[in-house]
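Position 1 is the first residue of the sequence; numbering continues from there. All values below were derived from every heavy atom in this structure, side-chain atoms included, with hydrogens, water molecules and symmetry-related copies excluded.
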Amino acid sequence: MKKSFADMIIGIVLMAFLTSLAVQVPAIPEVSRGYPLTLLVISYLMTAFLLIKSIVKLKKEEKQETKVLEQVKIIVPYCLMIGVYLFLMGKIGYIASTVVFMVASLLYLKLKNKIVLATLSVVLTLILYFVFTNFLTVILPRGSWFNIGF
């Protein structure tokens with residue numbers, strides 16, 4: 001795969017994203033449209049420049065070997081872990097599922113120190129729980145299977 005191919009994909013995705021934003025501009029009150037329109041026009045120009053530059057580079061470059069398969073072997077299991085985490089959050093609640101997810105993530109990332117692993121998982125989860133519930137007044141899932149809540 002050529003190096004500039006990734007830039008071309010990013011440019012196409014950005015164009016699609018900018019188009020989805022541009023479709024929403026008519027919903028903005030006319031008085032407030034100036035700034036978002038300016039940002040959209042500048043973003044379109046910069047993205048078009050990136051696309052043109054990547055297409056020109058793509059024609060000049062030689063093919064290079066990539067390690068996509070190795071990256072997929074790392075990313076796909078982690079995405080599955082995130083899916084399990086989101087499923088468990090509704091079943092066992094935020095605190096228990098986040099501790100389990102953090103432990104699993106740190107083990108997956110090959111953290112060797114078990115004390116740091118356990119302490120980091122529990123302390124960070126509790127800090128985030130208290131910040132979100134007390135300061136930001138966000139209600140976090142308590143779970144339907146059992147309830148661990150403060």
Side-chain angles (χ1 to χ4, degrees), residues 1-111 116-117 119-144 149:
M1 184 181 296
K2 297 180 178 182
K3 277 185 175 180
S4 60
F5 188 70
D7 289 341
M8 196 169 72
I9 291 172
I10 290 171
I12 292 169
V13 169
L14 282 173
M15 282 292 193
F17 175 70
L18 291 173
T19 303
S20 73
L21 293 177
V23 170
Q24 298 173 20
V25 168
I28 299 172
E30 197 167 329
V31 178
S32 306
R33 280 188 200 159
Y35 184 66
L37 279 175
T38 304
L39 289 178
L40 274 172
V41 169
I42 291 170
S43 299
Y44 267 118
L45 291 173
M46 292 172 65
T47 306
F49 176 73
L50 174 69
L51 264 173
I52 293 168
K53 184 178 163 185
S54 64
I55 290 171
V56 170
K57 272 177 104 178
L58 186 68
K59 292 180 180 178
K60 294 179 182 177
E61 282 183 357
E62 294 178 16
K63 209 171 191 181
Q64 294 182 349
E65 189 175 327
T66 59
K67 299 179 180 181
V68 174
L69 190 58
E70 290 85 11
Q71 293 170 345
V72 168
K73 288 180 182 178
I74 294 170
I75 293 171
V76 169
Y78 199 75
C79 288
L80 291 174
M81 286 173 48
I82 292 171
V84 170
Y85 167 62
L86 293 174
F87 172 76
L88 286 177
M89 192 180 299
K91 302 298 180 191
I92 64 175
Y94 171 79
I95 293 175
S97 64
T98 303
V99 169
V100 169
F101 176 71
M102 286 185 71
V103 168
S105 295
L106 292 173
L107 286 172
Y108 187 71
L109 295 172
K110 296 178 176 70
L111 181 68
V116 171
L117 184 136
T119 305
L120 184 66
S121 298
V122 172
V123 170
L124 191 58
T125 299
L126 292 176
I127 289 172
L128 287 172
Y129 179 81
F130 285 118
V131 167
F132 274 87
T133 55
N134 295 331
F135 298 112
L136 300 175
T137 61
V138 174
I139 300 170
L140 296 171
R142 293 191 177 252
S144 61

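Summarising the geometry of I55 relative to M8, their closest heavy-atom pair is CG1-SD, 3.7 Å, with the distance given to 0.1 Å. Of all heavy-atom pairs spanning T47 and M15, the tightest one is CG2-CG, 3.7 Å. The two residues T125 and T98 have their closest heavy-atom pair at OG1-CG2, 3.4 Å. Nearest heavy atoms, L106 versus S121: CD1-OG, 3.9 Å. Nearest approach of M102 to L124, heavy atoms of both residues: CE-CD2, 3.4 Å. Nearest heavy-atom pair across F132 and L140 is CB-CD1, 3.9 Å.
Counting non-hydrogen atoms of other residues, nucleotides and ligands closer than 6.0 Å to CG of L45 gives a total above 12. Dense packing is recorded around OH of Y108, with more than 12 heavy atoms of other residues, nucleotides or ligands lying under 6.0 Å away. Around atom OH of Y78, more than 12 heavy atoms belonging to other residues, nucleotides or ligands sit under 6.0 Å away.
For the atom pair L37 CG and I28 CD1, the distance stands at 7.0 Å (nearest 0.5 Å). Going from atom CG of D7 over to atom CD1 of I12 covers 11.0 Å, rounded to the nearest 0.5 Å. With rounding to the nearest 0.5 angstrom, the CE atom of M46 is 7.0 Å from the OG atom of S43. Distance check: T19 OG1 to L14 CG gives 10.5 Å after rounding to the nearest 0.5 Å. Rounding to the nearest 0.5 Å gives a distance of 11.5 Å between CG of L18 and CD1 of I42.
Ring planes of Y94 and Y129: parallel class, angle under 30° (limits at 30 and 60°).
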